Participant: 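Sharing a structure with you now.
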Amino acid sequence: MSGDDETETGALLAQLRVKPSAAARERAFMHLEQEFLAQQAARPRRHFARGAIAAGLVLALFAGWAWRNLPATPTVVARVEAVDGAVESRDGFVFGGARSLDVGGTVVTGADLDVGPGAGVLLRISPDLSVRLAENTHARFRASDELELGAGQAFVDATPGARAPLRVITPSGEVTHLGTQYQVRAGDHEVEVAVREGRAQLRTANLTTVTEAGHWLLHRDSAAPLTGDLAADDVRFQWIARLPARFKLEGATLSAFLDWFRRETGLTPVYSDGIDAGRFAQVQLKGSIEDLEPFEALSYVLATADLAWHREGAKVVIEKRQAGNG
Amino acid sequence: MEQDRLLVQQLLAGDQDALRRFFDEYFERLYRFAYARLRGDAALAEDAAQNTLVRALRGLSGFRGDAGLFSWLATICRNEIADLVEKSARVAAHTVSLDAEGGARDAARAVAATDDAGDKAFAGAERLKVIRQVLDDLPGKYGEMLELKYIEEWDVERIAQHVGLSFEAAQSQLQRARGAFRSALQARGLSAKDLLP
């Protein structure tokens, strides 16, 4: 058997050496971890039930009551990616203890989420889907694809084309989407949908309507719906800048960073005429933008490439840095 | 094998580090396992690998350790591939599960017949499928050893440990496996250059 033989076999089999994308890996691990955590969460309840039976009839009756009244086994549906201020989760298990949500913490089905005044939280459901909850919001995940929004505002960010289903259920109607960025506000007998990208469908007891990007729709239980135009940087979206989605800057290209910036702000970055856009787009970035809001991050990143920016309506124009700008 | 059993015990005990190791060790291998069988459909291969690990986690207590963990996972993955192929109208037109029963199996035979018809100009996905098929049909542990060496890029020492052989015996087995692989190609009327891009 010759070295040629080894080389030949190696070359043939190397064609099967394919790799899934990093996003696919992350997505798969999240699913596996959710399953794993759900299994772990199910264990104490089984032990609890067994112990109750052994303790006698009274406790067994109590266990029976608890079994009927407790929610189904909680499943981890989201991870906290960013939090600002006081956000509490009440898991409702037996004695309903409340816990503060911190970055890296998990949210389970059935838990009541309360976002305090001036606070906000970004929950990552999958690499393709996140939900930001604004201050004074009360919400609960019924399942990983069902968010019950009792009051307040939720901003949904689903990567276009990704399989990222989510139904937002408010007292006045349900909102569904296909690859989009939109905000739902649940008010007193009303629901408002503001769509920044893609389309979202609102279904109420007597209305089903689709709202397109660049529009808002306000539905009141006892009145005809109102609609209007919406700028990408509408004041409704201002609060989400305090809860930016995580972006790994180290090793990313400027092009990838600007795409993140566009999704976070709704503004379109463009290069000014004097810039070789192709060359700059592929510039590899270093450092970290952790804890920076999108505009702070933009200034920081562009400065490292000796660039600056200014606003022109819904665009952010990137230009060469001159003494005194950017 | 002992390492597999230990990993399973740790998973059953709720060890999160073990979960990461389980994922790192097997997700990409299962992805590759599915990829060629799904004719290069990356999205379906991703689903197959992910669903396999989730199913395995649910049935972990049923793992007896008679065979290696990957062999057990591969069995689950074959079923998963068959399910995905049958359920997905999107891929039904251009994907065939080689492990499925019934119609899909007939379709697989039809594809195999096309392979033998003398047309050696294989397209990318078809080429992968043929190489995978030849590898899977090799006797004993030859297929697994070649896979570990040339696809997973394990060194001989690690392969030897995995299959329970001495270093020298593993080297010798690998040499025979390469010969068997070449012979299997020849038996199909193929040479390496028919299967290289």
Side-chain angles (χ1 to χ4, degrees), chain A residues 1-47 73-77 79 104-106 125-129 144 159-165 179, chain B residues 11-12 14-16 18-20 22-24 27-28 30-36 40 42-43 45-47 49-58 60 124 127-132 134-135 146-147 149-153 172 174-179 181-182 185 191-197:
Chain A
M1 205 57 57
S2 66
D4 285 351
D5 214 28
E6 176 158 16
T7 311
E8 197 176 87
T9 307
L12 281 176
L13 295 182
Q15 295 177 75
L16 299 179
R17 207 183 291 151
V18 289
K19 274 180 180 282
S21 67
R25 272 185 67 95
E26 198 180 334
R27 198 161 38 233
F29 185 71
M30 258 184 104
H31 278 282
L32 190 66
E33 192 180 34
Q34 283 177 1
E35 175 66 29
F36 185 74
L37 293 172
Q39 285 184 9
Q40 301 310 309
R43 282 185 183 160
R45 185 168 146 175
R46 284 199 292 268
H47 296 156
T73 304
T75 305
V76 174
V77 287
R79 194 169 283 284
T106 53
I125 299 166
S126 75
D128 300 317
L129 180 64
S144 62
T159 308
R163 291 166 293 172
Chain B
L11 284 167
L12 287 170
D15 182 341
Q16 275 199 281
L19 183 73
R20 186 82 239 184
F22 177 58
F23 180 82
D24 288 345
F27 178 69
E28 287 197 7
L30 288 167
Y31 175 86
R32 285 189 274 274
F33 182 87
Y35 187 86
E46 181 191 326
D47 284 349
Q50 177 184 299
N51 295 348
T52 298
L53 290 180
V54 170
R55 271 200 203 182
L57 203 59
R58 286 180 190 153
L60 214 52
R127 201 167 57 230
L128 298 186
K129 194 202 71 156
V130 172
I131 298 170
R132 184 82 243 181
V134 173
L135 200 60
L146 289 178
E147 182 176 344
K149 169 82 175 144
Y150 296 105
I151 302 173
E152 301 304 324
E153 298 182 275
S172 164
L174 273 167
Q175 198 174 40
R176 283 199 285 274
R178 286 193 292 271
F181 183 67
R182 194 180 54 172
L185 288 177
S191 69
K193 71 173 184 225
D194 297 323
L195 294 169
L196 284 169

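Remember, predicted model here, so these are calculated numbers, not experimental data. Lettering of chains follows the sequences in order, A, B, ..., and the numbering in each one begins at 1.
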Participant: Do A:Glu33 and B:Arg20 meet the salt-bridge criterion of a basic N to acidic O distance under 4.0 Å?
Facilitator: no
Participant: Which residues pass the side-chain hydrogen bond (donor to acceptor under 3.5 Å, both in side chains) test with B:Tyr150, sequence neighbours left out?
Facilitator: A:Glu6, B:Arg178
Participant: Under 4.5 Å from any heavy atom of chain A, what part of B:Glu152 do you find: side chain, backbone, both or neither?
Facilitator: neither
Participant: Kindly compute the distance separating CG (B:Leu128) from CD (A:Gln15), expressed to the nearest 0.5 Å.
Facilitator: 6.0 Å
Participant: Identify which part of B:Leu60 has an atom lying under 4.5 Å from any heavy atom of chain A, answering side chain, backbone, both or neither.
Facilitator: neither
Participant: May I ask you to decide if A:Val18's main-chain N or O and B:Arg32's side chain share a donor-acceptor pair within less than 3.5 Å?
Facilitator: yes
Participant: Hey, what do you get for CE (A:Met30) to CZ (B:Phe23), rounding to the nearest 0.5 Å?
Facilitator: 12.0 Å
Participant: Below 4.5 Å from any heavy atom of chain A, which atoms of B:Leu174 appear? Answer side chain, backbone, both or neither.
Facilitator: neither
Participant: Are B:Asp47 and A:Arg27 close enough for a salt bridge, meaning some N to O gap below 4.0 Å?
Facilitator: no
Participant: To the nearest 0.5 Å, what is the distance between NZ on A:Lys19 and OH on B:Tyr35?
Facilitator: 13.5 Å
Participant: Enter the distance from A:Glu35:CD to B:Leu57:CG here, rounded to the nearest 0.5 Å.
Facilitator: 5.5 Å
Participant: Is there a side chain to side chain contact (heavy atoms under 4.5 Å, CB included) between B:Leu53 and A:Phe29 once you walk through the steps?
Facilitator: CA-CA 9 Å; B:Leu53 290 180; A:Phe29 185 71; over 6 Å; no
Participant: Of all heavy-atom pairs between B:Gln16 and A:Phe36, which one has the smallest distance, and what is that distance?
Facilitator: CG-CE2, 3.5 Å
Participant: Looking at CG of A:Leu13 and NZ of B:Lys149, how far apart are the two atoms once the value is rounded to the nearest 0.5 Å?
Facilitator: 11.5 Å
Participant: Applying side chain to side chain contact (heavy atoms under 4.5 Å, CB included), run through B:Glu147 and A:Leu16 and close with a yes or a no.
Facilitator: CA-CA 9 Å; B:Glu147 182 176 344; A:Leu16 299 179; over 6 Å; no
Participant: Contact part of B:Ala36 toward chain A, heavy-atom cut-off under 4.5 Å: side chain, backbone, both or neither?
Facilitator: side chain
Participant: Please lay out, stage by stage, how B:Phe27 and A:Leu32 fare under the test side chain to side chain contact (heavy atoms under 4.5 Å, CB included).
Facilitator: CA-CA 10 Å; B:Phe27 178 69; A:Leu32 190 66; over 6 Å; no
Participant: Between B:Glu28 and A:Arg25, does a side chain to side chain contact (heavy atoms under 4.5 Å, CB included) hold up when you go through it step by step?
Facilitator: CA-CA 8 Å; B:Glu28 287 197 7; A:Arg25 272 185 67 95; 3.0 Å; yes
